[in-house]
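Throughout, protein chains are lettered first and strands after them, A, B, ... in sequence-line order, and every chain is numbered starting at 1. Every heavy atom of this structure was used, including side-chain atoms; hydrogens, water molecules and symmetry mates were not.
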Protein chains: 2
Amino acid sequence: MKNRPYHHGDLATELLARAEQTLREKGAAALSLRELAREIGVSPAAPSRHFKSKQALLDALALGGFERLAEATAASQREVGESFAERLDAAARAYVGFTLANAALVDLMFSVKHSPEASEALRAAAGRWSEQLFELIGAGQRRGEVREGAPERVTLPVFAALHGYAGLAVSGMLPAEMAEHGLDDVIASILRQCRPE
Amino acid sequence: MKNRPYHHGDLATELLARAEQTLREKGAAALSLRELAREIGVSPAAPSRHFKSKQALLDALALGGFERLAEATAASQREVGESFAERLDAAARAYVGFTLANAALVDLMFSVKHSPEASEALRAAAGRWSEQLFELIGAGQRRGEVREGAPERVTLPVFAALHGYAGLAVSGMLPAEMAEHGLDDVIASILRQCRPE
DNA sequence: ACCTGAACACCGTTCAAGT
DNA sequence: ACCTGAACACCGTTCAAGT
């Protein structure tokens, strides 16, 4: 057994890991830098060397969330057929699944308040994800399974429907009678609105 | 001029009013019960007589938000024609307009964490609002302008699209190329997915 | 019933000083 | 470069006591 060294070694990484655990288990309100430091066994001032403010840590968390979401979406496309319906279904379930499994993190990712510098990076990370939806629609158009139109204008309503459903489901604001077939109905409605002619 | 009386008179109301102002001007993070009390000129302990915790005040704020949203939606339907397209357009713009004008409040309304007792009241208030979308779709169906199907299953994807677009717009996560005709495209996609046959 | 004053156990952040 | 220890200016909440 080794006694704790003066230098932690990888405090930044451990802060992020513990923070995300707290986020998942107790919610964003319960996230405190001091408590994180206490759990890790480091002084209250130590985190500030790695994240210049609490908001900076939250921003880093959100950034990681977007990266994992993009990764999960990419994974969903790898083991699925080529038809638009199949690919949309996979992407939709990946997104909603990620959101439900990481509710507090997703809340953070799309929260209103981010430091302006972080917003740039966050928007870029969000872009790398929405790029995939964009690709999905474009491929559907090339196959003649999705109506024509500027891809970004066809994609936005699809994006909005998924994001909105996930948000409603996570916040518990879905009327019970809507939750039953919720995601199925949303996917069906997206296919309907994307249909050619 | 009257000197401040021992009893404020309507502290609960003034707390809510000032809290909403702070929310709008400085965001949820800047909302402090102590500062509210200071602004109003009352002791730090005074708010606790009217809201048993900070969360209780946030819940009350969210509740008021849902009531005003329902009111704004109802108003949007009063001065508009009878066709589904017109009524949907009005309701959509009322919702997105409310969201953009009250970003931090809407964030609160749909936030993940609410005290369990409040969640009941909040869901009821949200229900009174979604009831209106529900009515909108039902009326469209009776006019033959909206496809058939269980109204709650036709309504959910509409609800999701609006909620999602508003959320994306407010969080600044809308890719620039999508923001241009954003709401127009979302409304058009809703009309397309609702079209009969 | 409504509010004050003081206290308690926390925060995030800063900064000299240590290793 | 990385961390400690102590300090500063805050929090939300509770509770006896005042009016």
Between [Y] and [X], does any NZ, NE, NH1 or NH2 come within less than 4.0 Å of an OD or OE carboxylate oxygen?
X	Y	answer
B:Glu79	B:Arg87	no
B:Glu71	B:Arg78	yes
A:Glu82	A:Arg143	yes

Legend entry - Side-chain N or O of A:His50 closer than 4.0 Å to phosphate OP1/OP2 of D:dA1: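 No, outside the criterion.
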Inset, instruction - Considering just the side-chain nitrogens and oxygens of B:Ser32, establish if one lies under 4.0 Å of OP1 or OP2 belonging to D:dC10. - result: no
Protein-nucleotide distance ([X], atom [atom1]; [N], atom [atom2]), rounded to Å:
X	N	atom1	atom2	answer
A:Lys52	C:dT14	NZ	P	10 Å
A:Asp10	D:dC3	CG	P	10 Å
B:Phe51	C:dC2	CZ	C1'	14 Å
A:Leu36	C:dG12	CG	C1'	13 Å
A:Arg49	C:dA16	CZ	P	11 Å
B:Glu14	C:dC3	CD	P	11 Å
A:Lys26	C:dC10	NZ	C1'	14 Å
B:Leu31	D:dG12	CG	P	9 Å

Inset, instruction - Give a yes or no on whether the backbone of B:Ala70 and the side-chain of B:Gln132 come within a donor-acceptor separation of less than 3.5 Å. - result: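 Flag set: sc B:Gln132 to bb B:Ala70 pair under 3.5 Å.
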Measure all distances between protein nitrogen or oxygen atoms and nitrogen or oxygen atoms of nucleotides 7-9 of chain C, and list the pairs falling under 3.5 Å.
none

Among [options], the nucleotide that comes nearest once only the side chain of [X] is considered:
X	options	result
B:Lys54	C:dC3, C:dA6, D:dG12	D:dG12
B:Leu11	D:dT14, C:dC3, D:dC3	C:dC3
B:Arg38	D:dC11, D:dG12, D:dT4	D:dC11
B:Ala45	D:dT14, C:dT13, D:dT13	D:dT14

Legend entry - Distance-only polar pair, side chains of B:Asp59 and B:Ser115, donor-acceptor under 3.5 Å: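 On atom types as modelled, these side chains qualify, holding a pair under 3.5 Å.
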Legend entry - Watson-Crick or G-U stems of DNA chain D, 3 or more pairs, under 3.5 Å, by first number: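 C:4-8 with D:12-16, C:12-16 with D:4-8 - these are the stems of 3 or more pairs that involve DNA chain D.
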Inset, instruction - With rounding to the nearest 0.5 Å, note down the distance linking CZ in A:Arg153 to NE2 in B:His181. - result: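 It is 4.0 Å, given to the nearest 0.5 Å.
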Inset, instruction - Using a 4.5 Å cut-off on heavy atoms from C-beta on, say whether the side chain of A:Arg147 contacts that of B:Arg192. - result: yes
Inset, instruction - Report the residues that fulfil ring pair (Phe, Tyr, Trp, His ring centres under 6.0 Å) with B:Phe110, sequence neighbours left out, ordered by chain and then residue number. - result: B:Phe66, B:His163
Legend entry - Sequence-distant partners of B:Asp89, side-chain hydrogen bond (donor to acceptor under 3.5 Å, both in side chains), two or more places apart: B:Arg93
Legend entry - Under the side-chain contact (heavy atoms from CB on, under 4.5 Å) test, residues paired with A:Ala121 that sit two or more places apart: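 A:Ala121: side-chain contact (heavy atoms from CB on, under 4.5 Å) contacts with A:Leu63.
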Legend entry - Members of residues 55-63 of chain A that approach DNA chain C, where some heavy atom sits under 4.0 Å away: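 Contacting residues: none.
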